Amino acid sequence: MDKLVITGGNPLFGSIEINGAKNAAVAILPAAIMASKNKCVIDNIPNIEDVHCIERILKSLGCDIKTKKNSATIDSTHIASLSANTDDVRKMRASYYLIGALLGRFKKASVELPGGCPIGVRPIDQHIKGFEALGAKVKITHGSVMVEADELIGTNIFFDVVSVGATINVMLAATLAKGVTTLENVAKEPHVVDVANFLNSMGANIKGAGTDVIRIVGVESLSGCTYSVIPDQIEAGTYMIASAACGGEVTIENVIPKHLESISAKLVEMGSEIRENGDSITVKSSGNLKGVNIKTQPYPGFPTDVQQPMSTLLTVAKGRSIINESIWESRFKHVDELKKMGANIKVEGRTAIIDGVDKLTGAVVKATDLRAGAAMVIAGLIAEGTTEVLSIEHIDRGYPNIEDKFKALGAYIHRECE
Ligand code: EPU
């Protein structure tokens, strides 16, 4: 198992480039199998394990995939199997998008229940509710979700909770349903909009993505297209937080500043300086920041996916900060690791109360999940002495070249292979 070894205390200076969005790419790649004609060429795909995992799953279904740098050409005209049941499917969350994609195109699928980070219960009842409303029969047996329909018929669906996964999954199936589907109380995350834009480039008729209501006029078939994935809001947010925590001045290139507003606003409230310039954002910080309160919310609220990196920053901010995690009930597993480094944090249910300390000190810690891993890397960067972050396979699932990017900013960080 690899580990990251970090000697902390250096301010960060320079610029780095953000890659394509993980949570858009892991939905767009499965959506590509809905093209019954022509190939999809998808650019700006991040080089991360979750993407490799989806690519292997698509190959197992009979897709022909050629990858080159950050681009993939996918020919799904000759799909041989409607059953996804490899270890890769069980390992990751986004494999559930195969259900909506296969159901839409073939009206049938069998997909093993998905895995993903251990951050909460992660039900898929809203996905199932949507598929059933479109006319599919859904059965869960032997750990697989089986869906089947004679035909899918457009209808009105009001989601009980705002869910990124359910919004995208039901949108995929509804794209090839007969008639009009209206999805209400949907997620508005940038990656939801990106998937809708991708489907429209393939010939779908989807309007309203990015608002509370998405209206889909079903089409007969979809055809391959060329598409570029949006920049990763969460990767960008993570580097912004790291820059604020370490002090210095860092320009983060290839971002959409609008997607980062809730993060920028908190960093400014803490005392950092943020400058937006076209598709880049610069964070300047003295490293001496004040504590703030945060409540994670669906977009455009503060994203749960940067809550853990942010909590590391708050461990050394002046005064008391309170984090309310309203999306995932178990997203504080990294707190025990931060405590090993001297953080003063108390968790009560979905709330973390953080009293800022003068410094963290290096320790051997582990990445308990993907974003917890990023949080521990940031902790290592600000801590006195040396930190070893173990279980970094979690980090590799979602952050491309994390040690190279931090090294480019002047951090002392390297990977050791054991
Ligand atoms: N929920 C339900 N029923 C459902 C679906 C969701 O009750 O059928 C609840 C969940 O329990 C949760 C809330 O709704 O409390 C939101 O869940 P959502 O469905 O939005 O999450 P997801 O689609 O499983 C995606 C991202 C997560 C990110 C969340 C929230 C992907 C592959 N994953 O998960 O990303 O935290 O949206 O924004 O897109 C990460 O990247 O580190 C990550 C965990």
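Computed over heavy atoms, backbone and side chain alike; hydrogens, waters and symmetry mates excluded. The shown structure was predicted, so the numbers you read here are calculated from the model rather than taken from an experiment. Atoms within a ligand are numbered from 1 in the order they appear, just like the ligands themselves.
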With rounding to the nearest 0.5 Å, note down the distance linking SG in Cys53 to CZ in Arg56. 5.0 Å
Which residue and atom name correspond to the protein heavy atom nearest atom 3 (N) of ligand 1, and how close is it? Asp125 OD1, 2.8 Å
Where is the nearest protein heavy atom to atom 19 (O) of ligand 1: which residue, which atom, and how far? Ser163 OG, 2.6 Å
Judged on heavy-atom distance to [atom], which of [options] sits nearest?
atom	options	value
atom 36 (O) of ligand 1	Asp305, Asp369, Asn23	Asp305
atom 41 (O) of ligand 1	Arg397, Arg371, Arg122	Arg371
atom 1 (N) of ligand 1	Thr304, Val161, Val192, Val195	Val161

If we set the cut-off at 4.0 Å for heavy atoms, which region of [X] has an atom near ligand 1: side chain, backbone, both, or neither?
X	answer
Lys22	side chain
Trp328	side chain
Ala166	neither

Salt bridge (charged side-chain N to carboxylate O under 4.0 Å, His left out) pairs touching residues 140-160, sequence neighbours excluded, are Lys129-Asp160, Glu151-Lys178
Side chain to side chain contact (heavy atoms under 4.5 Å, CB included) partner of Tyr227, chosen from Asn197, Asn44, Asp43: Asn197
State the atoms of ligand 1, each with its element, that fall below the 4.0 Å cut-off from a heavy-atom position in [X].
X	answer
Arg331	36 (O), 40 (C), 42 (O), 43 (C), 44 (C)
Gly165	19 (O), 23 (O)
His127	8 (O)
Leu370	42 (O)
Gln126	3 (N), 4 (C), 8 (O)
Arg93	24 (O)

Show the nearest heavy-atom pair for residues [X] and [Y], with the distance to one decimal.
X	Y	result
Leu381	Cys246	CB-SG, 3.7 Å
Leu172	Val195	CD2-CG1, 4.2 Å
Met171	Ile206	CG-CD1, 3.9 Å

Without hydrogens or angle criteria, can the side chains of His127 and Asn169 be said to hold a donor-acceptor pair below 3.5 Å? yes
Is a side-chain donor-acceptor pair under 3.5 Å present for Asn401 with Lys407? no
Test your reading of the structure: does Ile327 have an N or O sitting under 3.5 Å from an N or O of ligand 1? yes
When you compare ligand 1 with Val164, is there at least one nitrogen or oxygen pair between them that comes in under 3.5 angstrom? yes
Does [X] have a heavy atom less than 4.0 Å from any atom of ligand 1?
X	value
Pro123	yes
Tyr96	yes
Met92	no

Would you say [X] has more than 12 foreign heavy atoms packed within less than 6.0 Å of its [atom1]?
X	atom1	value
Lys188	NZ	yes
Arg215	CZ	no
Phe106	CZ	yes

Would Arg122 and Trp328 count as a cation-pi pair here, with the cationic atom under 6.0 angstrom from the ring centre and within 45° of the axis? yes
